[in-house]
Every structure is written in C-alpha cells, then in structure tokens.
Novice: 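Okay, here's the structure, questions in a sec.
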Amino acid sequence: MDKDHLIDLISNSILYDSKDYDSTRNFSDFKNYLKNLNLDQLRTMSKEFIL
C-alpha cells in the first residue's frame, strides 16, 4: 500500500460525528498528523486499527 492509501484507511476507520466542529477539527488534525509519519510508521499503525 502506498502512503496516501494507508492514511485514508486509518483516518476512515475512525468514527466521528461530522456535525460536531470539534470532532471534525480533531479528525483533520489527526489526518495531518498521519501525513507527517513515514510509510513504516503508517504500516504499523494501520495494523493496529485493522485488528
């Protein structure tokens, strides 16, 4: 998997209420955090979210 696919996989696995501004902002912050990780870190994280 490439980096963008892993970011989407991890971020989409998180449930949030899109009507809640704080949740949306936290989701956006988390997605930005994921973009700063390297590919190996994302692979490790995705295993934890998938399991």
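Since the model is a prediction, treat every value here as computed from it, not as a measurement.
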Novice: Can you tell me how far the OG atom of Ser11 sits from the CZ atom of Phe30, to the nearest 0.5 Å?
Specialist: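 So the OG of Ser11 and the CZ of Phe30 are separated by 7.5 Å.
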Novice: Drop me the distance from Asp29's CG to Lys31's NZ, to the nearest 0.5 angstrom.
Specialist: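 Reported value, rounded in 0.5 Å steps: 13.0 Å.
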Novice: Can you measure from OH (Tyr33) to CD1 (Ile10) and round to the nearest 0.5 angstrom?
Specialist: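 The OH atom of Tyr33 sits 9.5 Å away from the CD1 atom of Ile10.
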Novice: Nearest 0.5 angstrom please: Arg43 CZ to Leu37 CG, how far?
Specialist: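 Arg43 atom CZ to Leu37 atom CG measures 13.0 Å (nearest 0.5 Å).
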Novice: Can you find a pair of side-chain heavy atoms, one from Leu42 and one from Ser46, that are under 4.5 Å apart?
Specialist: no
Novice: Salt bridge (charged side-chain N to carboxylate O under 4.0 Å, His left out) with Lys35: which residues, sequence neighbours excluded?
Specialist: none
Novice: Can you find a pair of side-chain heavy atoms, one from Leu34 and one from Met45, that are under 4.5 Å apart?
Specialist: yes
Novice: For the CD atom of Gln41 and the CG atom of Leu6, what is their distance to the nearest 0.5 Å?
Specialist: 12.0 Å
Novice: Can you name the residues that form a salt bridge (charged side-chain N to carboxylate O under 4.0 Å, His left out) with Asp2, not counting sequence neighbours?
Specialist: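 Result, salt bridge (charged side-chain N to carboxylate O under 4.0 Å, His left out) vs Asp2: none returned.
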